[in-house]
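Throughout, protein chains are lettered first and strands after them, A, B, ... in sequence-line order, and every chain is numbered starting at 1.
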Amino acid sequence: MPDTSRDGDSDTIFDEEPVDTDGQNALFDGLPGDEEASRGLFDDLLNSEPIFENKEVLRPSYTPRRLPHREEQINNMATILVTALRGDTPSNILIYGKTGTGKTASAKFVSEELESTSEKYEVPCEVQYINCEVTDTQYRVLAQLANTFIDQNEQYIDQQLSELNDLKARANESVSVLSETEFDSITAIDDRIETLTDDREQFESVPMTGWPTDRVYSTFFEAVEYAERVVVIMLDEIDKLVEKSGDDTLYNLSRMNSELENSRVSIIGISNDLKFTDFLDPRVKSSLGEEEIVFPPYDATQLKDILQHRSEVAFKSGALSDDVIPLCAAFAAQEHGDARRALDLLRTAGELAERDRTDFIEEEHVRQAQEKIELDRVVEVVRTLPTQSKLVLYAIILLERHGVRNINTGEVFNIYKQLCTEIGVDVLTQRRVTDLISELDMLGIVNAVVVSKGRYGRTKEMSLSVPLEDTETILLSDSRLADVEEAQPFVQARFDE
DNA sequence: ACTCCACCGGAAGAAGGGGTCT
DNA sequence: AGACCCCTTCTTCCGGTGGAGT
């Protein structure tokens, strides 16, 4: 049943593609005489000698087979996790390190090795990866875990059932087949089939929302307990989870072992934040932090090394000028040694060069790439902001544009109120607006600092940290903010006071 | 040493929208 | 249908505070 549904899924994906391109063709057909031109457009791009040999290896999603300068950390993890292959519970691990220091890549690498080795020695052991930035509440973490294990159990049962049915068919022909098995009669097989079918029906997958959390927990618990195995749960960006919904999840997971009989659970937490354990319950803290592994930032030389390795696969030979890799490394080293950033830079620089129709990446492309990445990020973030945040941001832009330095919350709130009334949007409280400002600060769109001005109170002082004109254009492209331009004279009047 | 500004930011909980269960 | 549950957004309330001015 799950198999057929999965097949169905992939079928629809493939079914849709032709429909899509049909739609495009229809579009081109609609332009008379343009068929030639449209073909030429892509022909040119296809035939122009591409710079890339294999662009995939520069993408963040790619897990490399070799992680230079991380041998020590990888060995540490392996030493701890090898316990799982002996059927015991490995210590919980906490991994620290800034973004792009290879935490996730290393952890994934180790877990793949672990799983493949466990297959080889037929020790049931598996790793579940959860990104807590996406799955950021206790309910969702438990639900996701429960569902994957239910899925697995069902697959396992299905496999058993088909084997049993096979056996039964053969036994029907000659009963002697049974002598080599644990069953002494066909009815015994039937019994087994029946219990398995019952088991299978008991598994009920957890809905997106609606259940009480403890029910989700017990569903998960039973699903894990169903078969004997060691389960390693990898919680990426675990600090996000703790920040948002406290340490209940971790507490529940870490005490599971004392109640489980068949299986064992071990946790690998991956965190950007070195101090996040401060917020944890001491019991959770000690159980989670049994082993700690730190990933220090890469320095420029190490980054150069990494880029060198990847570029050999990624680019055609001779596509890079000598100073490209050192420059990418230098830029990324400034950004706390972020290898992901370095690879992004290299890839974008390549794309820019391709667009220039040259087959050679130069220093200038890297500089352009640096700007492009930053701008793309800002555009994306600003565009997807909720309306209220956009209004707050626009208020800050207006103040900045009128040459106000050291903008404070009170001023922003006043302009914001004006904007809201002009375009007929609900006015939020100042309390809420300070939260929105803090969010903009965290997104790196504004820079806000709490300062005390003595007699004149205490406030957040902020300034825009993105290009003013570009940001304003993005904001005004939102239809809900379009009217705001007409409202500007009213706001102007405030400044004249 | 004390005051007092103009906010900050935590806590609690209302409102509303997602959903399930019986 | 009505009772629950979860999650997010927002409000209300309020104690807290760094340092210029006195």
Side-chain angles (χ1 to χ4, degrees), chain A residues 130-147 150 201-223 237 239-253 273 275-276 278-281 381 384-393 395-396 399 404-421 423-443 446-463 478 480 494 497:
Chain A
I130 289 187
N131 186 337
C132 301
E133 197 171 15
V134 188
T135 316
D136 61 354
T137 64
Q138 166 160 229
Y139 186 96
R140 292 213 266 258
V141 169
L142 292 176
Q144 189 178 327
L145 286 171
N147 284 335
I150 287 171
E201 270 163 22
Q202 272 180 17
F203 291 122
E204 187 188 354
S205 60
V206 181
M208 293 279 292
T209 165
W211 283 12
T213 309
D214 47 345
R215 181 170 170 196
V216 183
Y217 175 77
S218 51
T219 308
F220 164 57
F221 186 92
E222 279 158 27
E237 320 244 353
D239 42 336
K240 296 271 159 48
L241 177 67
V242 174
E243 189 183 300
K244 282 208 62 186
S245 47
D247 52 8
D248 291 358
T249 323
L250 301 178
Y251 179 71
N252 284 333
L253 289 178
D273 184 358
K275 290 185 300 180
F276 98 101
D278 294 356
F279 309 113
L280 295 177
D281 185 296
V381 169
T384 53
L385 242 32
T387 313
Q388 291 289 356
S389 299
K390 282 183 177 165
L391 284 168
V392 173
L393 178 57
I396 297 171
L399 284 159
V404 181
R405 303 268 294 139
N406 303 334
I407 306 163
N408 63 40
T409 312
E411 290 166 323
V412 173
F413 186 61
N414 282 332
I415 303 296
Y416 158 82
K417 264 193 297 192
Q418 290 273 315
L419 292 174
C420 284
T421 43
I423 66 168
V425 173
D426 288 349
V427 182
L428 300 179
T429 53
Q430 181 156 345
R431 177 71 188 82
R432 181 65 187 142
V433 170
T434 56
D435 276 350
L436 294 181
I437 292 172
S438 301
E439 279 167 28
L440 291 176
D441 182 26
M442 288 215 301
L443 291 168
V446 300
N447 197 333
V449 191
V450 184
V451 289
S452 176
K453 298 201 208 165
R455 176 101 280 203
Y456 307 104
R458 212 160 172 258
T459 183
K460 266 204 178 84
E461 262 184 13
M462 69 206 83
S463 58
D478 183 330
R480 285 161 300 184
R494 273 200 78 84
E497 279 170 16

Protein-nucleotide distance ([X], atom [atom1]; [N], atom [atom2]), rounded to Å:
{"X": "A:D441", "N": "B:dG9", "atom1": "CG", "atom2": "C1'", "result": "14 Å"}
{"X": "A:M208", "N": "B:dT20", "atom1": "CE", "atom2": "C1'", "result": "13 Å"}
{"X": "A:L436", "N": "C:dC10", "atom1": "CG", "atom2": "P", "result": "7 Å"}
{"X": "A:D435", "N": "B:dC8", "atom1": "CG", "atom2": "P", "result": "10 Å"}
{"X": "A:N406", "N": "B:dA6", "atom1": "CG", "atom2": "P", "result": "17 Å"}
{"X": "A:E439", "N": "C:dT9", "atom1": "CD", "atom2": "P", "result": "8 Å"}
{"X": "A:K453", "N": "B:dC5", "atom1": "NZ", "atom2": "P", "result": "16 Å"}
{"X": "A:Q430", "N": "B:dC5", "atom1": "CD", "atom2": "P", "result": "16 Å"}

Looking only at side-chain N and O atoms, does [X] come under 4.0 Å of OP1 or OP2 in [N]?
{"X": "A:W211", "N": "B:dC21", "answer": "yes"}
{"X": "A:R215", "N": "B:dC21", "answer": "yes"}
{"X": "A:T459", "N": "B:dA6", "answer": "no"}
{"X": "A:K460", "N": "B:dG9", "answer": "yes"}
{"X": "A:R455", "N": "C:dG21", "answer": "no"}
{"X": "A:T213", "N": "C:dC6", "answer": "yes"}
{"X": "A:T209", "N": "C:dC5", "answer": "no"}

Review point. Regarding A:Q138 and A:Y217, is there a side-chain donor-to-acceptor distance under 3.5 Å anywhere?
Key: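 A:Q138 vs A:Y217: no donor-acceptor pair found between side chains.
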Among [options], which nucleotide has an atom closest to any side-chain atom of [X]?
{"X": "A:R432", "options": "C:dA20, C:dT11, C:dT8", "value": "C:dT11"}
{"X": "A:P212", "options": "C:dG19, B:dC21, C:dC5", "value": "C:dC5"}
{"X": "A:Y139", "options": "C:dC6, B:dG9, C:dG16", "value": "C:dC6"}
{"X": "A:D136", "options": "B:dC8, C:dT8, C:dT12", "value": "C:dT8"}

Check your understanding: Just how far is it from atom NZ of A:K460 to atom CD1 of A:I407, taken to the nearest 0.5 Å?
Key ->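 It comes to 14.0 Å.
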Check your understanding: Roughly how far, to the nearest 0.5 Å, is the SG atom of A:C132 from the NZ atom of A:K240?
Key ->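 One finds 9.5 Å between NZ of A:K240 and SG of A:C132.
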Check your understanding: Taking side chain as C-beta onward, heavy atoms only, is A:M462 less than 4.5 Å from A:I396?
Key ->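 In contact.
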Review point. With a 4.5 Å limit on heavy-atom distance, are the side chains of A:F413 and A:T434 in contact?
Key: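 Contact flag for A:F413/A:T434 side chains = no.
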Review point. Does A:E204 come within less than 4.0 Å of A:R215, counting only side-chain N to carboxylate O?
Key: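 Between A:R215 and A:E204 there is a salt bridge, with a charged N closer than 4.0 Å to a carboxylate O.
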Practice item. Look at the side chain of A:R431 against the base of B:dG9 and say whether a donor-acceptor pair falls under 3.5 Å; ignore hydrogens and angles. Key: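 Yes, the side chain and the base share a sub-3.5 Å donor-acceptor pair.
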Practice item. Just call it for A:V449: base, sugar-phosphate, or nothing, with non-hydrogen atoms closer than 4.0 Å on any strand. Key: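 Here A:V449 touches no strand at all.
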Check your understanding: Want to settle it: does A:T409 or A:P207 sit nearer the 5' end of DNA chain B, counting the closest nucleotide to each?
Key ->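 Nearest nucleotide further toward 5': that of A:T409.
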